[in-house]
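Below: the structure, in structure tokens.
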There are 2 protein chains.
Amino acid sequence: MVSSKDVAKLAGVSQSTVSRVLNNPESVGEAKHEKVIKAMKELNYRPNAIARSLVKKQTKSIALISGPIHNPFFAETTTYIVNYSKQRGYNTNVHFEVFGDNTSVFNDVIEMQVDGIILSSILMDDYIYDDLKNLNIPFVMFNRKHNEPGNFFEMDNLLAGQQATEHLLDLNHKDIVWIGGPLNMSTFYGRYEGFRKTMEEQGLPVSDHNTKITDTSENEIHNVVRDLLAERNRPTAIFAATDSIAIYVLDYLLEKGYNVPEDISVIGIDNTKLSQHHSIELTTVGMDQGINLGQVAIEQLINDIESKNQHLTQKTYPTKLYNRSTTRAI
Amino acid sequence: MVSSKDVAKLAGVSQSTVSRVLNNPESVGEAKHEKVIKAMKELNYRPNAIARSLVKKQTKSIALISGPIHNPFFAETTTYIVNYSKQRGYNTNVHFEVFGDNTSVFNDVIEMQVDGIILSSILMDDYIYDDLKNLNIPFVMFNRKHNEPGNFFEMDNLLAGQQATEHLLDLNHKDIVWIGGPLNMSTFYGRYEGFRKTMEEQGLPVSDHNTKITDTSENEIHNVVRDLLAERNRPTAIFAATDSIAIYVLDYLLEKGYNVPEDISVIGIDNTKLSQHHSIELTTVGMDQGINLGQVAIEQLINDIESKNQHLTQKTYPTKLYNRSTTRAI
DNA sequence: TGTGGTTTTGAATACGTATTCAAATTAGTC
DNA sequence: GACTAATTTGAATACGTATTCAAAACCACA
């Protein structure tokens, strides 16, 4: 490990001067400047970011706590977040949520002294929220949010749930099953409430019978669908709370020889890139094209980090139906 | 920022003792131990990982330089790598390759003093290889490799290229177009060579006419396919060098009203999860199910970091055909 | 040549932790 | 109770950088 001291010795200057060449080149004289540069090259010197972080009290890195990237929604946001952060000079520490308990993830993040945190993975009532606030470093939530106020960026989940349900109702479906994740995640909560309210407005019952809570894994989705198909009165439509779930549902239905939408309609939410693929053509609900929640959130986060402004930013984007090929009237 | 000094003061002990409670609890007496623990809780003390890294000369973090995760292959490897590293106590710094020039990515990585590097994104003749070696920290390559020897994990790309080509030849295709990325990436090079050799063994010509080099972006793939379809003699089969490319090709063909495989056959390589989806059923070539290159590579890397063993590990896994629904005889 | 002001430089210090080394305390034995 | 051995503790130092502060060097001008 060659340090700035080594460079200093070789160049015949003090370590301070080496440091200045790096951070304040115009403040050092022509002659020494050249000597230092030459010595750096000769020794192949690389400044130690860890040491710099310690003294400057900023690591130039952020933590991303993301949902699983087999879900194309999170693949898209993660890509944007990592690349944008790099462009702004920040490294990204990526963590994937641990379903059910993110405590250990948060502990890692906190010790790493990141300059900011961007997370999609928080529960509405997550006790971790207080820790996060006490850290006194900027953090933003995207996709999901917490009950307490904070910076967040989300789609209008309630509206999305309504629109998806209305679409199915318009197509005369009555036996609709909602498949989603835990209701203490704001996305699922909103999408479920949209479903429930719209159904009940039409006098249609919503109960355990037609709402299935899962951990959103492929396996469990398949199990749920298998059970559904085994019932005497099969649903005519499935409302998957995310595109990712919808795509698992489709996979299983097709595998078992069902035709979609002839035998059963499927709708998702998110309007991911994959849902648009012409092999899939998933009917879904999503925001205007071009809005990437990861994008707006990371821009906000880095601006917050650098300007230290403290006012909250909360955005809830409207949604609309993308009517494609996996739903039809009965 | 509450430091170990603050804890020490409150507990009435020295900072050394606080440090020992953290790292060597059995070496500190009962009474002081308790006092320290209590003070830590009271102050909500969190050790500063940056400071620890500086003195211990290890950051407990690794860098992943990955191909784009819209390619499901990389989504799968990234997931495994991040989760496994965490389990072994390492944070993962994720970087996505910059097509054409990864210099700035490597600079970031080097300065961050990571304990190891795992990368899929290196060119066969990448000059960065020397820098990497000179760093004297463990690194492993997966998927792609460099000309110089090093730790790597790959599929047998040459074999894969042969098998895909043979499959198409067996189906009587002669007008086959190969679409891939730059040939200085070992994956594309091997897959292309497998294609070229197999074609030429059958006396079929391989030239610019039927080999299309792209940057593998959706846009450019679409452009290539558009041009192909516009030609008087359309190819009867497309050999996409990755599943990701194949899936873009499929999308475009379907969008333009073509039927696959009736109008044109498409084969990929990688056997990604997505290729197995029943909406897609992509014929492809891949390794035995269950082998995740990211998995074997990250296990090796962390073992190398912790044992400092220096012998090379090089694995080239055999491949086989996964005959699904996007190819047929003519 | 001398004065005052400006620029360039280096010594010293801080960041928060782990660790070495020697001092202090405790335990164990007769 | 005295001595030795074992355990527990704290002071000092190191890690590699940025920064403060004062000294040194340079400059312009009379």
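Lettering follows sequence order; numbering is per chain, from 1.
- With rounding to whole Å, A/K60 atom NZ is found 13 Å from D/dA18 atom P.
- Using a 4.0 Å heavy-atom cutoff across all strands shown, B/S19 reaches at least one base atom of the nucleic acid.
- When only modelled atom types and interatomic distance are considered, B/T242 and B/S244 share no side-chain donor-acceptor pair under 3.5 Å.
- Spacing between atom CG of A/N24 and atom C1' of D/dT20 amounts to 13 Å, rounded to whole angstrom units.
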Compile the donor-acceptor pairs under 3.5 Å between side chains in residues 120-127 of chain B and protein atoms, sequence neighbours left out, one pair per line.
from: B/S120; atom 1: OG; to: B/G67; atom 2: N; distance (Å): 3.0
from: B/S121; atom 1: OG; to: B/G67; atom 2: N; distance (Å): 3.4
from: B/D126; atom 1: OD1; to: B/I128; atom 2: N; distance (Å): 3.4
from: B/D126; atom 1: OD2; to: B/L123; atom 2: N; distance (Å): 3.1
from: B/Y127; atom 1: OH; to: B/T103; atom 2: OG1; distance (Å): 2.7

Treating primed atoms plus P, OP1 and OP2 as sugar-phosphate and everything else as base, which nucleotides of nucleotides 5-12 of chain D get B, S or - for protein heavy atoms under 4.0 Å? ---SBBBB
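- Atom NZ in A/K5 sits about 6 Å away from atom P in D/dC15, given to the nearest Å.
- Between the CE atom of B/M1 and the C1' atom of C/dC15 there is a distance of 11 Å, rounded to whole Å.
- The shortest side-chain heavy-atom distance between A/F152 and A/Q300 does not fall under the 4.5 Å cut-off.
- Atom CD1 of B/I50 is separated from atom P of C/dG16 by 12 Å (rounded to the nearest Å).
- Ion pairing between a basic and an acidic side chain is recognised when a charged N comes within 4.0 Å of a carboxylate O; B/E97 and B/R144 show such pairing.
- Across D/dT19, C/dT17, C/dA18, the shortest atom-to-atom separation from the side chain of B/P47 is found for C/dT17.
- Considering only residues two or more places apart in sequence or on other chains, A/V2 meets the side chain to side chain contact (heavy atoms under 4.5 Å, CB included) condition with A/D6, A/V7, A/L43, A/Y45.
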Pair up each side-chain donor or acceptor in residues 30-39 of chain A with any protein partner under 3.5 Å, not counting sequence neighbours, and list the distances.
none

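- Nucleotide C/dT8 holds its P atom 16 Å from the NZ atom of A/K35, rounded to whole Å.
- Axis angle, first five pairs versus last five pairs of the helix from C/dT1-D/dA30 to C/dC30-D/dG1: 40°, rounded to 10°.
- In this structure B/R88 satisfies the side-chain hydrogen bond (donor to acceptor under 3.5 Å, both in side chains) test together with B/Y84, B/N303, B/E306, sequence neighbours excluded.
- Note on A/N48: every side-chain N or O is 4.0 Å or more away from OP1 and OP2 of D/dT17.
- One finds a side-chain N or O of B/K57 lying less than 4.0 angstrom from the OP1 or OP2 phosphate oxygen of D/dG16.
- Residues A/E148 and A/K133 have side chains not in contact (no heavy-atom distance under 4.5 Å, counting atoms from C-beta outward).
- Put simply, CE on A/M112 is 15 Å from C1' on C/dG16, counting in whole angstrom units.
- In this structure, a donor-acceptor pair under 3.5 Å is present between the side chains of A/T17 and A/S14.
- Taking atom CG on A/L54 and atom C1' on C/dA18, their separation rounds to 13 Å, with Å as the unit.
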